Amino acid sequence: MASPPSSKKVCPDETITIMVTGGSGLVGQAIRTVVAEEAQPNEHWVFLSSKDGDLSDITETRKLFEKHRPTHVVHLAAMVGGLFKNIKYKLDFLRKNLQINDSVLQCCYEYKVKKCVSCLSTCIFPDKTTYPIDETMVHNGPPHSSNFGYAHAKRLIDIQNRAYHEQHGCMFTSVIPTNIYGPHDNFNLEDSHVIPGLIHKCYIAKQNESPLTVYGSGSPLRQFIYSKDLAKLFVWVLRHYEEIDPIILSVGEEDEISIKDVALMITEAMEFKQEVKFDTSKSDGQHKKTASNAKLRSYLPDFQFTDPKQGIREAVEWFCSNYDTARK
Ligand code: NAP
Ligand code: GFB
């Protein structure tokens, strides 16, 4: 078995290779944009997609680590989807993400990766909880039934990080983003998250001059983070965050908005003039999952988040400009 990896900090002039799993997705593409805007001469970034190899297969995963020999890993790759995809495929979300996470973390250990930052989600917290939710509450009770497969696979990353650290001294940590949106999202009408799903539905409704149907009552509350803001925070975590415990990456509790609010921001950005209807036969999912970003603020008190109206305008413009090639 390989010797324990060194947990020494990287010298500023030492060349490091950062391998981003899931690099072709919503978050990966945002990180690619951010690092291109502020390139560091000693950082070599490698962005992977499933075309480079299936990370649920540890043999294929080892080949990628053998090829790229990363010193650092940003682990984004996962089976991902919105409420309705999660409700349909709970076992697949559980197994596929367990397989991917075990392959990647074990290879990080075997290849002496100095630091790995993985990704949890604010939807994995206990369903019955007090608010605001914070990082200490991840394992304090069962998650919401709608996504228990995905939630348990994600929670296990935190357990795996602690086990690799305690037994081998690995610097494996994680972030807990809230709902993310932005360019390069998955706009599939059935499987996507709410913002890309409504952008795509609104695009079609505008063309057909028909009403826009929002699923559920519109009353659930969410904190939405623009993908480029998350990417900047992810890069900061990679370079400066040294705790094994996770850190929530989210706008503040006071920036929580309703699904109805977000639907109206989308219709405004799309200049949609038809009726907006609510199909209450469809699930609302979790009513709220209000998370505290106090820990993030203790590190970055002055970080500026993109106003949701501006972020949604940019996401709408990207979708309309890239309709033919967007994931839908
Ligand atoms: P995404 O757009 O669906 O991208 C997923 C990425 O993972 C893609 O690059 C995909 O490759 C890759 N991937 C999936 N299965 C793979 C496999 N078996 N082998 C190799 N690569 C595989 O997802 P995202 O929204 O960017 O999510 C990134 C991370 O953030 C995930 O860990 C997710 O759980 C987490 N997160 C997302 C949200 C959100 O609202 N989107 C919220 C909280 C946390 P292909 O492009 O080739 O398919
Ligand atoms: O982003 P979303 O699918 O997931 O949002 P969650 C679901 C909320 O938006 C529900 C309403 O209240 C839906 O009723 N909604 C309205 C719609 N119209 C639509 C639509 O066209 N598409 C979708 N998808 N929703 C997810 C978790 O929870 O959060 C995932 O299930 C993941 O595991 C993600 O972690 C970040 O925010 O409810």
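None of these values were measured; they are calculated from a predicted model. Start at 1 and go down the list; that is how both ligands and their atoms are numbered.
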Would you say ligand 1 has an N or O under 3.5 Å from any N or O of [X]?
| X | value |
| --- | --- |
| L26 | yes |
| K96 | no |
| L76 | yes |
| Y150 | yes |
| I180 | yes |
| V27 | yes |
| S50 | yes |
| T178 | no |

For [X], is the nearest heavy atom under 4.0 Å from an atom of ligand 2?
| X | answer |
| --- | --- |
| S146 | no |
| P177 | no |
| K289 | yes |
| K201 | yes |

### Task
Pick out which of T280, D279, D284 makes a side-chain hydrogen bond (donor to acceptor under 3.5 Å, both in side chains) with S217.
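Exactly one option meets the side-chain hydrogen bond (donor to acceptor under 3.5 Å, both in side chains) with S217, and it is D284.
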What's the shortest distance from [atom] to any protein heavy atom, and which residue and atom give it?
| atom | value |
| --- | --- |
| atom 30 (O) of ligand 1 | C119 SG, 3.4 Å |
| atom 46 (O) of ligand 1 | S24 OG, 2.6 Å |
| atom 23 (O) of ligand 1 | V80 CG2, 3.6 Å |
| atom 14 (C) of ligand 1 | A78 O, 3.2 Å |
| atom 19 (N) of ligand 1 | L55 N, 3.0 Å |
| atom 41 (N) of ligand 1 | H193 CE1, 3.4 Å |

Distance under 6.0 Å and angle within 45° of the ring axis: does [X] meet both against [Y]?
| X | Y | answer |
| --- | --- | --- |
| K328 | Y203 | no |
| K289 | F125 | no |
| K85 | Y150 | no |

Under a heavy-atom criterion of less than 4.0 Å, does [X] contact ligand 1?
| X | value |
| --- | --- |
| M79 | no |
| L120 | yes |
| S118 | no |
| H184 | no |

#### Entry: Candidate with minimal heavy-atom separation from atom 20 (C) of ligand 2, of Y181, F148, Y215
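Answer by nearest heavy atom: Y215.
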Backbone or side chain, does any N or O of [X] fall under 3.5 Å from an N or O of ligand 2?
| X | answer |
| --- | --- |
| S121 | yes |
| G197 | no |
| L198 | no |
| R222 | yes |

### Query
With hydrophobic residues grouped by side-chain heavy-atom distances under 4.5 Å, do V117 and W236 end up in a single group?
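Both belong to a single hydrophobic cluster.
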### Task
For S283, counting its heavy atoms only, list the atoms of ligand 2 lying under 4.0 Å from any of them.
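Selected atoms, number and element: 13 (C), 14 (O).
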Shortest non-hydrogen contact between [X] and [Y], atoms and distance:
| X | Y | answer |
| --- | --- | --- |
| N42 | E14 | ND2-O, 3.0 Å |
| P183 | Y226 | CD-OH, 3.7 Å |
| D185 | Y181 | OD2-CA, 3.9 Å |
| K90 | F148 | CD-CE2, 3.4 Å |

Which pairs would a plain distance check flag for residues 262-272, meaning a side-chain donor or acceptor within less than 3.5 Å of a matching protein atom at least two apart in sequence or in another chain?
from: T267; atom 1: OG1; to: L264; atom 2: O; distance (Å): 2.8

### Element-labelled atoms of ligand 1 that are located less than 4.0 Å from some non-hydrogen atom of G22
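In order of number, 6 (C), 7 (O), 8 (C), 9 (O), 12 (C).
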### Task
Using salt bridge (charged side-chain N to carboxylate O under 4.0 Å, His left out) as the criterion, list what pairs up with E135, not counting sequence neighbours.
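Checked E135 against salt bridge (charged side-chain N to carboxylate O under 4.0 Å, His left out); zero matches.
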### Task
Give a yes or no on whether the backbone of W318 and the side-chain of N322 come within a donor-acceptor separation of less than 3.5 Å.
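Yes, the answer is positive, given that a donor and an acceptor are paired below the 3.5 Å cut-off.
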### Query
Between the main-chain N or O of D191 and the side-chain N or O of N188, is there a donor-acceptor pair closer than 3.5 Å?
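Checking the backbone N and O of D191 against the side chain of N188, a donor-acceptor pair under 3.5 Å is found.
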### Task
Using a 4.0 Å heavy-atom cut-off, say whether N186 meets ligand 1 through its side chain, its backbone, both or neither.
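Neither; no heavy atom under 4.0 Å.
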#### Entry: Under-4.0 Å heavy-atom contact with ligand 1, by part of R327 that carries it
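The part of R327 near ligand 1 is the side chain, not the backbone.
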### Task
With the side chain counted from C-beta on, respond yes when I31 and F47 share a heavy-atom pair under 4.5 Å apart, and no when they do not.
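Heavy-atom side-chain distance check passes, below 4.5 Å.
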